[in-house]
Amino acid sequence: MKKQLASLLTTLLLVGAAHAFEKKAIGYDTTPQLPSGWRVHDGTRPQPEAVAPGAQIGEAPADAIVLFDGTDLSNWHGVKQDNPKKKRLNPEGKALWKVENGYMQCTPTGNLVTKVSFGDCQLHIEWQSENPPKGTAQGRGNSGVFLMGLYEIQILDCYNNSTYADGSAGCVYGQTPPLVNACKKPGEWQVYDIVFQAPRFENETLVSPAYATVFLNGILVQNHTKIIGPTTHKKLPVVKPHAARLPITLQDHNNPMRFRNIWIRELDLLENTDKPD
Ligand code: MG
């Protein structure tokens, strides 16, 4: 009986201690205050949300929207073009790029556009240019990721292929060259990881420009680069107010570019709710 009582008491003590431990925040409440209002190592600061990474490097994490998984173009549409005098006839505006062997391939049917609109985001996209390469300068392995359909991060086969610097792979087209030329050989898969901060407009006025951070094949090519306006060819950008979220476009530039493993994470880079009460 004595033994049983002792065992019961021990159990109660252990449960009590565990409970007390659970309640006690891990951190400090006497440390100096940071500019954010939190204390250094603040025990009451909310924990970051858990996001399960993909099983392999480059695979979509649990909170990503998969835009292309290698099987179909159900998340995309094309651009309607029913004037027979124009190139890239696409009378119904359908996504008409070819899908085979786990990739999509650009056909001369116009740009592809996501059905969903996005603002701030993290975008992963893998691309490949034809091998052997054809054409020179801007005519070789050209496509592009148009964030919000307006801001082009250039895709170009820049392996032993010269062009103007602000038209190179990894540039903000017509504005900012990449920090380095990180291109692999044509025929090899190349990887973009892009963090995009959408511009903010208030009452038709630009209050915060767009920014892009870009890694090409794991190499930093744009570091929080300010985008001064929609990217254009041979012209200066003209800033016009637009919606907070717009679709992403992949460019048809008459080259048989291939894409695979496209996923996106929606972000809100200016929303900072992480402040103490
Ligand atoms: Mg392009």
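Source: prediction; values computed, not measured. Position 1 is the first residue of the sequence; numbering continues from there. Read the numbers this way: they start at 1 and go in the same order the structure lists the ligands and their atoms.
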Salt bridge (charged side-chain N to carboxylate O under 4.0 Å, His left out) between D157 and K184, intermediate numbers included: CA-CA 8 Å; D157 173 8; K184 292 185 178 181; over 6 Å; no

According to a hydrophobic-cluster definition based on side-chain heavy atoms being under 4.5 Å apart (Ile, Leu, Val, Met, Phe, Trp, Tyr only), do W189 and M257 belong together? no

Is the charged tip of R258 near the ring of W127: under 6.0 Å from the six-membered ring centre and within 45° of its axis? no

If you measure from CD on Q154 to CZ on F146, what distance do you get to the nearest 0.5 Å? 8.0 Å

State yes or no: are the ring centers of Y192 and H124 separated by less than 6.0 Å? no

Assess whether side-chain hydrogen bond (donor to acceptor under 3.5 Å, both in side chains) is satisfied between S143 and Q251, documenting all intermediate values. CA-CA 5 Å; S143 181; Q251 186 184 38; 5.0 Å; no

Near the Mg ion (ligand 1), meaning under 2.8 Å, how many protein N/O/S atoms are there? 5

